[in-house]
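A short worksheet on the structure shown next.
As the structure is a computational prediction, the values presented were derived from the model and not from experiment. For the single chain, residues carry numbers from 1 onward in sequence order. For ligands, and for the atoms within them, numbers begin at 1 and follow the listed sequence.
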Amino acid sequence: MIALNHFNQLSGPEAAALLAPCVAIPGWANALADGRPWRTRSDLLHAAKYLMQAWGETELTQALSAHPRIGEKPTGEQAHAALSRQEQGDVNERDARLAQALREGNARYEARFGRVFLIRAKGRSGEDILQALSRRSGNSEREEVQEALAQLREITLLRLEGVIGE
Ligand SMILES: NC(=O)NC1=NC(=O)NC1=O
């Protein structure tokens with residue numbers, strides 16, 4: 001985490017690179033880097049949320065390239081991977097029944113929608129996630145794009161709040 005005034009003083013590329021692990025949508029990080037200097041952290045977070053409203057299915061697909069399946073914690077060392085491992089901390093990978101149910105649920109979801117199931121995992125138990133996976137698998141395509149985008153916004157905002165301090 002760095003302080004806002006330090007973020008304001010970085011070069012453009014450094015500022016954008018710092019935000020890149022929040023979501024794999026470069027335009028979003030670049031726009032927030034270009035918007036500096038931010039007067040307050042709140043101004044930055046409001047701008048970030050405003051920019052996310054424009055995201056659609058294209059951005060969702062783009063972002064999913066950096067989100068591992070739920071229950072499959074990534075092994076990579078990139079910042080995205082470390083964040084995903086931390087966010088999925090409450091998914092008890094030692095619970096073999098849960099892990100199997102998530103694998104099966106993810107496969108069914110991907111067969112239906114053609115993309116990885118995305119959920120804000122932080123603060124959710126494996127059981128909570130499994131229930132959401134089951135419920136959302138019954139969504140229409142249009143409903144599910146909106147739900148997945150809402151989850152992407154939550155994940156991205158939580159990550160941004162973890163990167164930039166007051
Ligand atoms: N497929 C996923 O939902 N992945 C993730 N959810 C999170 O909260 N972090 C992830 O990497």
Within-cut-off N or O pair, Glu87 and ligand 1, under 3.5 Å:
yes
Taking both backbone and side-chain atoms of Leu118, is any N or O found less than 3.5 Å from an N or O belonging to ligand 1?
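Min N/O separation from ligand 1 is not below 3.5 Å for Leu118.
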Do me a favour and list the nearest non-hydrogen protein atom to atom 7 (C) of ligand 1 with residue, atom name and distance?
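Checked against all protein heavy atoms, atom 7 (C) of ligand 1 sits closest to Ile119 O, 3.4 Å.
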Please list the nearest protein heavy atom to atom 5 (C) of ligand 1 with its residue and the distance rounded to 0.1 Å.
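For this ligand atom, the closest protein heavy atom is His67 ND1, 3.8 Å.
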Heavy-atom contacts under 4.0 Å between Ile70 and ligand 1: side chain, backbone, both, or neither?
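Ile70 to ligand 1: contacts from backbone and side chain alike.
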Could you list which atoms of ligand 1 come closer than 4.0 Å to a heavy atom of [X]?
X: Val116; value: 1 (N)
X: Ser84; value: 10 (C), 11 (O)
X: Pro68; value: 1 (N), 2 (C), 4 (N), 11 (O)
X: Ile155; value: 6 (N), 7 (C), 8 (O)
X: Arg120; value: 8 (O)
X: Ala121; value: 7 (C), 8 (O)

Will you find, in the side chains of His46 and Ser42, an N or O donor that is under 3.5 Å from an N or O acceptor?
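Judged by distance alone, the side chains do pair up.
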CZ on Arg135 to CD on Gln131, rounded to 0.5 Å
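Spacing of CD (Gln131) from CZ (Arg135) equals 10.0 Å.
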What's the shortest heavy-atom distance between Ser140 and Phe113, and which atoms?
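Shortest heavy-atom separation between Ser140 and Phe113 comes out as O-CE2, 4.0 Å.
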Tell me whether the NZ or CZ atom of Arg36 lies within the 45° cone about the ring axis of Phe7 and under 6.0 Å from its centre.
yes
Check the pair Gln100 / Arg103 against side chain to side chain donor-acceptor pair (under 3.5 Å), numbers first and verdict last.
CA-CA 5 Å; Gln100 179 60 20; Arg103 271 194 300 275; 2.8 Å; yes
Using modelled atom types only, decide if a donor and an acceptor are shared between the side chain of Glu110 and the backbone of Phe117 within a distance under 3.5 Å.
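No; zero donor-acceptor contacts below 3.5 Å.
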Does Leu18 form a side chain to side chain contact (heavy atoms under 4.5 Å, CB included) with Ile164? I'd like the steps, not just the answer.
CA-CA 9 Å; Leu18 190 74; Ile164 309 290; 4.0 Å; yes
Apply side chain to side chain contact (heavy atoms under 4.5 Å, CB included) to the pair Val116 and His67, showing each step before the final yes or no.
CA-CA 8 Å; Val116 166; His67 283 279; 5.6 Å; no
